[in-house]
Peer 1: 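What follows is a single structure, and I will ask about it in a moment.
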Number of protein chains: 2
Amino acid sequence: MATIKDVSRLANVSISTVSRVINKSLKVSPDKVEAVMKAMEDLNFQPNSFAQALVNKKSNCIGVLVGDLCGGPFFAQMMRGIENVILPANKFVIVMSGKHEHDREKNSIEALLLRRCDALVVHSKALSDQELIEIARSDVPIVFVNRLVPTLEDRCVWVDISSGMETAVNHLIKQGHKRIAYIASDEVNNQDAKDRMDGYHRALNNAGIEFDNDLVSLAFPDENGGHNAIESLLMRDVGFTAFVAYNDAMAVGAVSALTENNISVPEEVSAIGFDNNLITNYIKPKLTTVRYPIEEVGETAAKLALNVLYAREREEYEERKEKETNKSYEKKFDLHEVVEFTREDLKFIPDLIVRDSVAPYDEAVVRESKVKKQKKK
Amino acid sequence: MATIKDVSRLANVSISTVSRVINKSLKVSPDKVEAVMKAMEDLNFQPNSFAQALVNKKSNCIGVLVGDLCGGPFFAQMMRGIENVILPANKFVIVMSGKHEHDREKNSIEALLLRRCDALVVHSKALSDQELIEIARSDVPIVFVNRLVPTLEDRCVWVDISSGMETAVNHLIKQGHKRIAYIASDEVNNQDAKDRMDGYHRALNNAGIEFDNDLVSLAFPDENGGHNAIESLLMRDVGFTAFVAYNDAMAVGAVSALTENNISVPEEVSAIGFDNNLITNYIKPKLTTVRYPIEEVGETAAKLALNVLYAREREEYEERKEKETNKSYEKKFDLHEVVEFTREDLKFIPDLIVRDSVAPYDEAVVRESKVKKQKKK
DNA sequence: CTGTTAGCGCATTCAT
DNA sequence: ATGAATGCGCTAACAG
């Protein structure tokens, strides 16, 4: 590996001159520039990123903590969003996965910090608000994803889950439905579950529809759970013309349970899932669902992280400018525009993916419907 | 950020002593060790990884080039396999995505090399064998995934796709099927397509079943393609009791086309997909399919990369040992066991995931079957 | 066992 | 505009 020294020798200049042409930090006479360029070319010179990092005190790396890249497409999409922003900014991405385990998340963040990442994008589920606040005191800018940490709201990019659920229920209401069941997760204390339930309540409220606890059916949040939840709903004989589900897996199970009971979707019962899993597009009928704008979340988080970083660089620049004799620090600092993010910019509302599993409320159909009379076989 | 110097001052020792306790490279008297430890604790000292990397000429990072983390679960699973190996080895993972674009793949590899990664795991689709061979001449160990590069076979971890297809067809043959259709991709020149077709041929051959070109139906490799392929097969009126598909999406489309034609799966027609997509488990009947052992591939690739690295470190060690006065280099080099990989270790055979879409061949059913008489409506 | 010293490759200041 | 010299934080050779 050729070094700056080799280049300087070949180009018959000092290493400082070489450094100058690399960084375009100061004027160098055209002929020397050319000589240096040629030498770099000939030697296939690449600056040693560690030496640069050591002296510049920055690594040009953005650290990302994810849950598990394999836990569905979620993190993969987030990563894509992050990359979309980081790579054009000429920085690298280092990923670590915390698997939602407390110690692993903690260690990973420490490791990322140790690597002197310029900024961190963190998706933490296992660490407490207090711990995150502690971590955020670090010198390096940290941004949190999918979480709203108190006192750090301007560092949090999150998705308003409850609004997503509200949108789904509203959609059904607009189609004329009033008896809207909720196929819910039985992990009731989970924040996600609470948020969704909130959304469900709010939509009903706003439409002046009274909440009926009989329409809520709890089960484990997977396909079987959805299946069972519908069975239990049918047994209750409560009558409903539509449902929203906690997630797509439950919705799929619910639809298949309805089909088995000869209840057609969407003719007799409209269905809406949540998450926009791939499956939703493959089953019949294609499932209307609610989509997290995950990629956008990733992009925004990355942008925010970059901006906090840029802002700090500016601060540091101003500081030095005051204290020292006015030098051309702009060049060294390579100052970037910093844009302001409002609370609204950092908050995402899931959108409805309209497919085939919702039909308008139809009095005639309901009269004939098997839903009410159906008993579990 | 505290430095080694701060620690040495606080502990009243020299920086070398501190360095020694950090790296456990030489014996240090217990009392000093304790003092240093305490000082490190107090100052919350973390060695600067760049300074270390600069002087050690290694980064403790493994670079990974993937296609696109979002292109399905493929790369995510591969990453998990890689992480399973790299993290316990106390190294980091840097990922870049090449998106299967020639220039992007090339740039990403260069960037990874520039970062002085200790080793690279590369999944390249867009670069030519020649380019990969060129790249592999680099000082840093490079391992290729899902590709068999000529002359670099011992650096390639790959999946024997054609054997996977063979297994699938064999499974059907063992169930007594003889008229086995192949729902194939129309991208016939694609290497993947060729491999699968090979497997199909081989299985038939070994079972003494004559290849019938009428049983092969080409279409675009997605759900609709599978749908159309079945339609076209039915129009041909050739008669078949089972099919294998190029991928799961096609299989799903094919199954839905059969259902629409009142042909039941698996009673009248057995079906096998390929890839083990999540969907396969969600449709009715659950789809028997062929699974790439992607995670294992990732693990093996990572292990191989690590081993090549360890082997080089050993070489370098031996070299220095000869030339120089016998010092305790083992400590610096921290030599690792290097295990041999045989060709077989690097080659993976996909396995069959048996689900509900395959039934034994049944003469009686076939007599009644609508398959032969069916025409496109 | 331990402290002193000399780089690793680069950016930057200080002279010129 | 340019070269010489200094130091970033650390490891390792050298000399006690």
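Proteins get letters first, then strands, A, B, ... in listed order; numbering begins at 1 in each.
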Peer 1: Should we say atom CD of Glu34(A) is surrounded by more than 12 heavy atoms from elsewhere, each under 6.0 Å from it?
Peer 2: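 It does not: Glu34(A) CD has 12 such atoms or fewer within range.
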Peer 1: For the base of dG9(D), is there a side-chain donor-acceptor partner from Arg116(A) under 3.5 Å away?
Peer 2: no
Peer 1: Which of these nucleotides, dT5(C), dA4(D), dC10(C), is closest to any side-chain atom of Ser16(B)?
Peer 2: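 Side chain of Ser16(B) sits closest to dT5(C).
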Peer 1: Of Val121(B), Asn307(B), Val308(B), which is the lone residue that meets side-chain contact (heavy atoms from CB on, under 4.5 Å) with Pro141(B)?
Peer 2: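 Result: among Val121(B), Asn307(B), Val308(B), Val308(B) is the only option passing the side-chain contact (heavy atoms from CB on, under 4.5 Å) with Pro141(B).
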Peer 1: Determine, stepwise, if the pair Met1(B) / Asn48(B) fulfils side chain to side chain contact (heavy atoms under 4.5 Å, CB included).
Peer 2: CA-CA 9 Å; Met1(B) 266 298 83; Asn48(B) 182 315; over 6 Å; no
Peer 1: Any carboxylate oxygen within less than 4.0 angstrom of a Lys/Arg side-chain nitrogen, looking at Asp6(B) and Arg9(B)?
Peer 2: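 Between Arg9(B) and Asp6(B) there is a salt bridge, with a charged N closer than 4.0 Å to a carboxylate O.
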Peer 1: Find the distance Met1(B):CE to dC10(D):P and express it as a whole number of Å.
Peer 2: 11 Å
Peer 1: Does dG3(D) have OP1 or OP2 sitting under 4.0 Å from an N or O in the side chain of Thr17(A)?
Peer 2: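 So the side-chain polar atoms of Thr17(A) do come within 4.0 Å of the phosphate oxygens OP1 or OP2 of dG3(D), strictly under.
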Peer 1: Looking at Glu153(B), I want to see if its CD is surrounded by more than 12 non-hydrogen atoms of other residues, nucleotides or ligands under 6.0 Å.
Peer 2: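 Counting other residues, nucleotides and ligands, CD of Glu153(B) exceeds 12 neighbours.
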Peer 1: Any N or O donor-acceptor pair under 3.5 Å from the base of dT12(C) to the side chain of Ser19(A)?
Peer 2: no
Peer 1: Out of dC10(D), dT2(D), dA11(C), which has the shortest distance to the side chain of Ile22(A)?
Peer 2: dA11(C)
Peer 1: With respect to the side chain of Asn56(B), which nucleotide from dC10(D), dT11(D), dG9(C) is positioned closest?
Peer 2: dT11(D)
Peer 1: Identify, between Ile15(A) and Lys5(B), the residue whose nearest nucleotide on DNA chain D lies closer to the 5' end.
Peer 2: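 Closer to the 5' end of DNA chain D: Ile15(A).
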Peer 1: Quick check on contacts: within residues 27-36 of chain A, what sits under 4.0 Å from DNA chain D by heavy-atom distance?
Peer 2: Lys27(A), Val28(A), Ser29(A), Lys32(A)
Peer 1: Grab the CZ-C1' distance between Phe50(A) and dT11(D) for me, whole Å please.
Peer 2: 15 Å
Peer 1: Working note: Asn60(B) + Gln52(B), criterion side chain to side chain contact (heavy atoms under 4.5 Å, CB included); need CA distance, chi angles, decisive distance, verdict.
Peer 2: CA-CA 10 Å; Asn60(B) 274 318; Gln52(B) 287 181 317; over 6 Å; no
Peer 1: Whole angstrom is fine here: how far is it from NZ in Lys24(A) over to P in dT12(C)?
Peer 2: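 Atom-to-atom, Lys24(A) to dT12(C), this comes out as 14 Å.
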Peer 1: Name all pairs fulfilling the salt bridge (charged side-chain N to carboxylate O under 4.0 Å, His left out) condition that reach into residues 35-54 of chain A, sequence neighbours left out, sorted by first residue then second.
Peer 2: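 Non-adjacent pairs meeting salt bridge (charged side-chain N to carboxylate O under 4.0 Å, His left out): Lys38(A)-Asp42(A).
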Peer 1: Is the phosphate of dG9(C) approached by Lys57(B) (side-chain N or O, under 4.0 Å from OP1 or OP2)?
Peer 2: yes
Peer 1: Find the distance Leu54(B):CG to dG7(D):P and express it as a whole number of Å.
Peer 2: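 Rounding to the nearest Å, CG of Leu54(B) and P of dG7(D) are 17 Å apart.
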Peer 1: May I ask you to decide if the ring planes of His336(A) and Tyr310(A) are parallel, tilted or perpendicular, using 30° and 60° as cut-offs?
Peer 2: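 Rings of His336(A) and Tyr310(A): parallel, under 30°.
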Peer 1: Please report, rounded to the nearest Å, how far the C1' atom of dC8(C) is from the NZ atom of Lys58(B).
Peer 2: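 So the two atoms are 16 Å apart, to the nearest Å.
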Peer 1: Check this one for me: any side-chain N or O of Ser14(A) less than 4.0 Å away from OP1 or OP2 of dA4(D)?
Peer 2: no
Peer 1: Rounded to whole Å, please give me the gap between CG in Asp6(B) and C1' in dC10(D).
Peer 2: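 The answer, rounded to whole Å, is 13 Å.
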Peer 1: State, to the nearest 10°, the angle formed by the axis through the first five base pairs of the helix from dC1(C)-dG16(D) to dT16(C)-dA1(D) and the axis through its last five.
Peer 2: 50°
Peer 1: For dG9(C), does either OP1 or OP2 sit under 4.0 Å from a side-chain N or O belonging to Gln52(A)?
Peer 2: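 It does not, given that no N or O in the side chain of Gln52(A) lies less than 4.0 Å from OP1 or OP2 of dG9(C).
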Peer 1: Side-chain N or O of Asn23(B) less than 4.0 angstrom from OP1 or OP2 on dT11(D)?
Peer 2: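 Yes, such a contact exists.
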Peer 1: Could you check how far CG of Leu26(B) sits from C1' of dA15(D), rounded to whole Å?
Peer 2: 14 Å
Peer 1: Hey, is the side chain of Thr3(B) poking within less than 4.0 Å of OP1 or OP2 on dG9(D), counting only N and O atoms?
Peer 2: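 No.
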Peer 1: Please report, rounded to the nearest Å, how far the C1' atom of dC10(C) is from the CG atom of Leu114(B).
Peer 2: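 Atom CG in Leu114(B) sits about 14 Å away from atom C1' in dC10(C).
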Peer 1: If we count only N and O atoms by modelled type, under 3.5 Å, do the side chains of Thr17(A) and Ser14(A) hold a donor and an acceptor together?
Peer 2: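 There is such a pair (donor and acceptor under 3.5 Å, judged by atom type) between the side chains of Thr17(A) and Ser14(A).
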Peer 1: Say whether Glu295(B) and Asn84(B), considering side chains only, have a donor N or O and an acceptor N or O under 3.5 Å apart.
Peer 2: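 Per modelled atom types, Glu295(B) and Asn84(B) side chains form a pair under 3.5 Å.
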